[in-house]
Amino acid sequence: MTVPVVAIDGPSGAGKGTVARAVAVALGYHLLDSGAVYRAAALQALRAGASLDDEAAVLAALDALDARFEPGAGGVRVFFGDEEVTGELRTEATAAGASRVAAMPGVRARLLPQQRTFRRLPGLVADGRDMGTVVFPDATLKVFLTASAEERARRRAKQLK
């Protein structure tokens, strides 16, 4: 049986996360916040002391990653083992690190299978870049959100507070 996927893509600050959470709740689907996956990878690398400019070091740090992603009232809750790290994922250092590690082809390839494990019945809403092209190219519905540069900047500033 094919599990339906709604892929929501677009630039940072366009409202992907807000829309994805609302759609997932409305449909009763699981939610994949791919940004949380990359922030978790960055946090793991930072905790391991890996240079975020060294792809091999980041990949070595990811070998020890024991992350669990669970739905929460405000989105996805993230755990490293039994430790909840959701709050640490929103720090400026982790967010900046996520952008750096997400640009690494090896990291993207390493995290791809983990992102695909989110696809479970009754369905999935997948939020993030490349969701409808790389992660779930067979998505049932593909949405690309846009917003003005001013709105995106306002949303990003609000998110970082």
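Every heavy atom of this structure was used, including side-chain atoms; hydrogens, water molecules and symmetry mates were not.
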Can you measure from CZ (Arg129) to CZ (Phe144) and round to the nearest 0.5 angstrom? 8.5 Å
Donor-acceptor pair, distance only, cut-off 3.5 Å: does the side chain of Glu70 make one with the backbone of Arg77? no
Taking a hydrophobic cluster as the set of Ile, Leu, Val, Met, Phe, Trp and Tyr residues connected by side-chain heavy atoms closer than 4.5 Å, whether directly or through intermediates, do Phe79 and Leu46 fall within one such cluster? no
Salt-bridge test for Arg39 and Asp33: reply yes if a basic N is under 4.0 Å from a carboxylate O, no otherwise. yes
Test your reading of the model: is there a side-chain donor-acceptor pair from Ser34 to the backbone of Asp127, 3.5 Å cut-off? yes
Which residues pass the ring-ring contact (aromatic ring centres under 6.0 Å, His included) test with Phe69, sequence neighbours left out? Phe118
Is there side-chain contact between Leu124 and Val6, with heavy atoms separated by less than 4.5 Å? no
Looking at every heavy atom in both Ala42 and Gly97, which two are closest together, and how far apart are they? CB-C, 3.5 Å
Under a 4.0 Å N-O cut-off, is there an ion pair linking Asp130 with Arg108? yes
Does any N or O in the side chain of Thr94 come within less than 3.5 Å of the main-chain N or O of Thr91, such that one atom is a donor and the other an acceptor? no
Note: Gly128 and Met131 closest approach over all heavy atoms is O-CG, 3.1 Å
Can you tell me if CG on Asp82 sees more than 12 non-hydrogen neighbours from other groups inside 6.0 Å? no
Could Asp9 and Lys142 be called an ion pair, given the rule that one side-chain N must be under 4.0 Å from one carboxylate O? no
Restricting to non-hydrogen atoms, name the atom on Ala40 and the atom on Leu65 that form the minimum distance, rounded to 0.1 Å. O-CD1, 4.4 Å
Are Val25 and Val19 connected in the hydrophobic side-chain network, where two residues link if heavy atoms are under 4.5 Å apart? no
Output for pair (Glu55 CD, Met104 CE), nearest 0.5 Å, gives 6.0 Å
Which heavy-atom pair separates Pro105 from Ala103 by the least distance, and what is that distance? CD-O, 3.4 Å
CG (Leu89) and OH (Tyr38) are apart, to the nearest 0.5 Å, by 14.5 Å
Which pair of heavy atoms, one from Ala20 and one from Leu31, lies closest together, and at what distance? CB-CD1, 3.8 Å
What are the two closest heavy atoms between Pro122 and Gly28, and how far apart are they? CG-O, 3.2 Å
Here the gap from Phe136 atom CZ to Arg119 atom CZ, rounded to the nearest 0.5 Å, amounts to 6.0 Å
Do Leu59 and Arg110 have side chains that get closer than 4.5 Å, going by heavy atoms? yes
CZ/Arg116 to CG/Leu111 distance, rounded to the nearest 0.5 angstrom? 12.0 Å
Determine, for Glu88 against Arg90, whether the closest basic-nitrogen to carboxylate-oxygen distance falls under 4.0 angstrom. no
Check whether any side-chain N or O of Glu84 sits under 3.5 Å from a backbone N or O of Val78 as a donor-acceptor pair, and report yes or no. no
Side chains of Val37 and Leu32 in contact at under 4.5 Å (non-hydrogen atoms): yes
salt_bridge(Arg100, Asp54) N-O dist < 4.0 Å: no
Taking salt bridge (Lys or Arg N to Asp or Glu O under 4.0 Å) as the definition, give me every residue that meets it alongside Glu83, ordered by chain and number, with sequence neighbours left out. Arg47
